[in-house]
Structure formats: structure tokens, C-alpha cells
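Contents: one structure, followed by commentary.
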Amino acid sequence: AAGWFGIEFLINQAKYWLNDYKDALSDRFHPRKKERVPANGYFPREWLPFLFALRVLTGLAFLFWFWPQGVPFALLLPAIQLLYDRVKRVPLLNGGVAAWGSVVRFACGYAAMAGVGPPVFSCLLVYSQRLAIYIAAYGAEGRYLLRQGTAPGKEYTLFYARHPYLEKMAMVFFLGLLAFALEQSVPGGVIVAGIVLAFCGALYYRINGPGDRIYREGWRLLWRAPALACRRFGRQLKLR
């Protein structure tokens with residue numbers, strides 16, 4: 001539990017603040033991402049790197065106190081994010097680097113539960129699955145931009161939209177590894193779960209597309225629900 005909270009919630013989730021800082025200027029011209037808080041100016045963009053660093057340092061301190069074995073895993077995550085920010089606009093490299101973060105998080109959870117590092121083949125399965133999902137995400141955003149109009153800084157997604165076979169190749173590679181896993185006595189439930197997660201991940205991006213529409217609408221609903229309830233309560237009082 002300490003490992004999950006420190007690595008996943010404090011350190012890994014901090015990467016989105018750094019990502020928003022890097023993309024805020026280009027997101028202002030994006031058909032949908034322009035509504036993000038740093039892009040539309042509701043939150044000072046300049047604060048994000050400091051908040052990123054503060055959250056990472058807090059997570060490292062938390063892990064050092066409660067679960068020091070997780071510190072090496074935790075140090076890899078901000079390093080991967082910094083590397084990703086350098087290659088984000090380079091097709092193929094962006095997805096390849098981003099998928100390593102999922103392998104690190106998987107290895108951390110495996111080590112926490114089993115007490116030893118995961119087998120190489122298990123890490124390869126996780127890597128190939130996340131690679132397929134990331135390529136599906138880039139392709140979905142590229143197709144959206146082809147319909148709505150391109151945005152500066154997002155041209156790399158058009159590469160995936162114009163080469164849809166890459167998404168299929170990544171998924172076939174993952175499924176091929178799963179077929180090989182059947183011969184390695186991997187439990188069938190693990191294989192089925194891996195297939196479901198891969199296809200649900202790709203489907204999520206096909207439905208949601210860029211801009212976190214599902215999250216945005218969900219937060220709007222949560223924000224408006226109390227206000228609507230108060231209005232209805234006020235109307236009932238007036239009627240009485």
C-alpha cells in the first residue's frame with residue numbers, strides 16, 4: 001500500500017503536471033485541449049514544474065520512510081518522463097519511451113508482492129501491451145486533428161493517423177506474445193485479463209479521443225450536481 005501510494009499517486013501522477021507545462025502553449029490552439037486549465041490561463045503555467053518537483057520529492061521522502069526498497073523504482077519514473085518530453089514529438093520513439101513507465105510500475109508492484117523482480121518475459125508482455133495502447137492513443141488524436149484541423153506541436157500524431165497499420169502491428173505483436181505465453185504455462189486468467197485490458201485501452205481512446213472528454217464531463221457533472229440539488233431544494237421551498 002505504501003509503495004502504491006508513493007510511486008503511483010505521488011510520483012507517477014506528477015508527470016501530468018510536467019506534461020501540461022510542456023504542452024500548454026500548443027494546447028491553446030488545440031480544438032479540445034484548449035479547455036485544459038493551464039492552457040486556458042485559469043492556472044499559472046509557470047507553477048507546474050515546481051509542483052511537479054514538490055510532488056516527486058514528497059513521494060521519494062514518503063517511500064524512503066515507509067518502503068525504501070521502492071526508491072530505485074521511483075527514481076526511474078521522473079527520469080523516463082523527462083526523456084519522454086524530449087522525444088514526445090518524434091513518432092515511434094514517443095510510444096516506445098512512454099511504455100517503459102508502465103514496466104517500471106509493474107515491476108514495482110511485482111517486487112512488492114513477490115519479494116523478487118519479475119521475469120523478463122512478463123516485463124516484455126507489459127511493455128508490448130502498453131505500446132499498443134499508446135500507439136492507439138496517438139492514432140486517435142491524429143484522426144481527430146485531421147477532421148478538426150491541425151494544431152501546432154501535435155503534428156507527430158498525424159503520423160500515426162496516416163499509418164494505421166502501426167496500431168494493428170503493435171496489437172498483433174502483443175497478442176503473439178500472449179500466444180507464446182500459453183506455452184509457458186501462464187495462467188489463462190492472466191492472459192484473458194491482458195487481452196481485455198489491451199482492447200479496452202485502445203477502445204477508450206477511440207471513444208474519448210484527445211482532450212480527456214470523459215474526465216471533463218465527469219467533473220462537470222460532479223461540480224454541477226450539488227448546485228442543481230440546491231436549486232431544486234430552493235424551488236421546492238418557494239412552492240411551499
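Below, all heavy atoms of this structure are taken into account, side chains as well, without hydrogens, waters or symmetry copies. Residue numbers start at 1 and run along the sequence shown. Keep in mind the model is a prediction, meaning the values are calculated, not measured.
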Is it true that Ile135 and Met169 fall in one hydrophobic cluster, defined by side-chain heavy atoms closer than 4.5 Å? yes
Short side-chain to backbone donor-acceptor contact, Gln81 and Ala79, under 3.5 Å: no
Please tell me whether Val116 and Val126 are part of a single hydrophobic cluster in this structure, the criterion being side-chain heavy atoms less than 4.5 Å apart. yes
How many angstroms lie between CH2 in Trp4 and CZ in Arg105, if you round to the nearest 0.5 Å? 11.0 Å
For Ala161 and Gly139 the tightest heavy-atom approach is CB-O, 4.1 Å
Is there a path from Trp67 to Met113 through hydrophobic residues (I, L, V, M, F, W, Y) whose side chains come within less than 4.5 Å of each other? no
Backbone N/O of Trp47 and side chain of Tyr21: donor-acceptor pair under 3.5 Å: no
Step through it carefully: locate the ring centre of Tyr156, locate the ring centre of Tyr138, and say whether they are under 6.0 Å apart. yes
Can you confirm whether Lys33 sits close enough to Lys154 that some side-chain heavy atom of one is under 4.5 Å from a side-chain heavy atom of the other? yes
Are the side chains of Leu63 and Phe73 in contact, using a 4.5 Å heavy-atom criterion? no
In Å, rounded to the nearest 0.5 Å, how long is the span from CG of Leu158 to NE2 of His163? 11.0 Å
When you compare the side chain of Tyr110 with that of Cys123, does any pair of heavy atoms fall below 4.5 Å? no
Is there a path of hydrophobic side-chain contacts, each under 4.5 Å between heavy atoms, that joins Leu82 and Val103? yes
Quick one: does any side-chain atom of Arg55 pair with a main-chain N or O of Leu10 as donor and acceptor, under 3.5 Å? yes
Presence of salt bridge, Glu155 and Arg89, under 4.0 angstrom: no
Which atom pair, heavy atoms only, marks the closest approach of Ile133 to Ala198? CG1-O, 3.9 Å
Looking only at heavy atoms, what is the nearest atom pair of Ala74 and Leu60, with distance? CB-CD2, 3.8 Å
Does Leu145 reach the side chain of His30, with side-chain heavy atoms less than 4.5 Å apart? yes
Parallel under 30°, tilted from 30 to 60°, perpendicular over 60°: which one fits the rings of Phe66 and Phe62? tilted
For the pair Phe199 and Met171, evaluate side-chain contact (heavy atoms from CB on, under 4.5 Å) and give the outcome as yes or no after the intermediate values. CA-CA 9 Å; Phe199 280 99; Met171 189 65 74; 4.3 Å; yes
Report yes if some heavy atom in the side chain of Leu48 is under 4.5 Å from a heavy atom in the side chain of Pro38; otherwise report no. yes
Does atom NZ of Lys22 have more than 12 heavy-atom neighbours from other groups under 6.0 Å away? no
Sequence neighbours excluded, every pair satisfying side-chain hydrogen bond (donor to acceptor under 3.5 Å, both in side chains) that has a member inside residues 112-135: Ser102-Arg130
Decide side-chain contact (heavy atoms from CB on, under 4.5 Å) for Leu92 and Phe159; before the verdict, give the C-alpha distance in whole Å, the side-chain angles of both, and the deciding distance to 0.1 Å. CA-CA 9 Å; Leu92 300 181; Phe159 174 85; 4.2 Å; yes
Might you work through the side-chain contact (heavy atoms from CB on, under 4.5 Å) test for Phe121 and Leu177, ending with a clear yes or no? CA-CA 9 Å; Phe121 183 67; Leu177 287 178; 4.1 Å; yes
In this structure, would Leu124 and Phe180 fall into the same cluster of hydrophobic residues linked by side-chain contacts under 4.5 Å? yes
If we check side chain to side chain contact (heavy atoms under 4.5 Å, CB included) with Ile7, which of these qualifies: Val71, Leu77, Leu76? Leu77
For the backbone of Val90 and the side chain of Asn94, can you confirm whether one donor and one acceptor N or O come within less than 3.5 Å of each other? yes
Just verifying a value: how many Å separate Lys15 NZ and Tyr84 OH, rounded to the nearest 0.5 Å? 9.0 Å
To the nearest 0.5 Å, what is the distance between CD1 (Ile11) and OG1 (Thr58)? 9.0 Å
All heavy atoms of Pro152 vs all of Ser26, minimum pair found to be O-CB, 2.9 Å
Between Arg162 and Glu167, does at least one N-O distance fall below 4.0 Å, as a salt bridge requires? no
Sequence neighbours excluded - salt bridge (charged side-chain N to carboxylate O under 4.0 Å, His left out) pairs with any residue from residues 62-87: none
What closest approach, in Å, do Val56 and Pro78 show between heavy atoms, and which atom pair accounts for it? CG1-CG, 4.2 Å
Salt bridge check: are Arg45 and Asp23 linked by an N-O gap of less than 4.0 Å? no
Could you tell me which non-hydrogen atom of Leu125 sits nearest to which non-hydrogen atom of Leu178, and how far apart they are? CD2-CD2, 3.9 Å
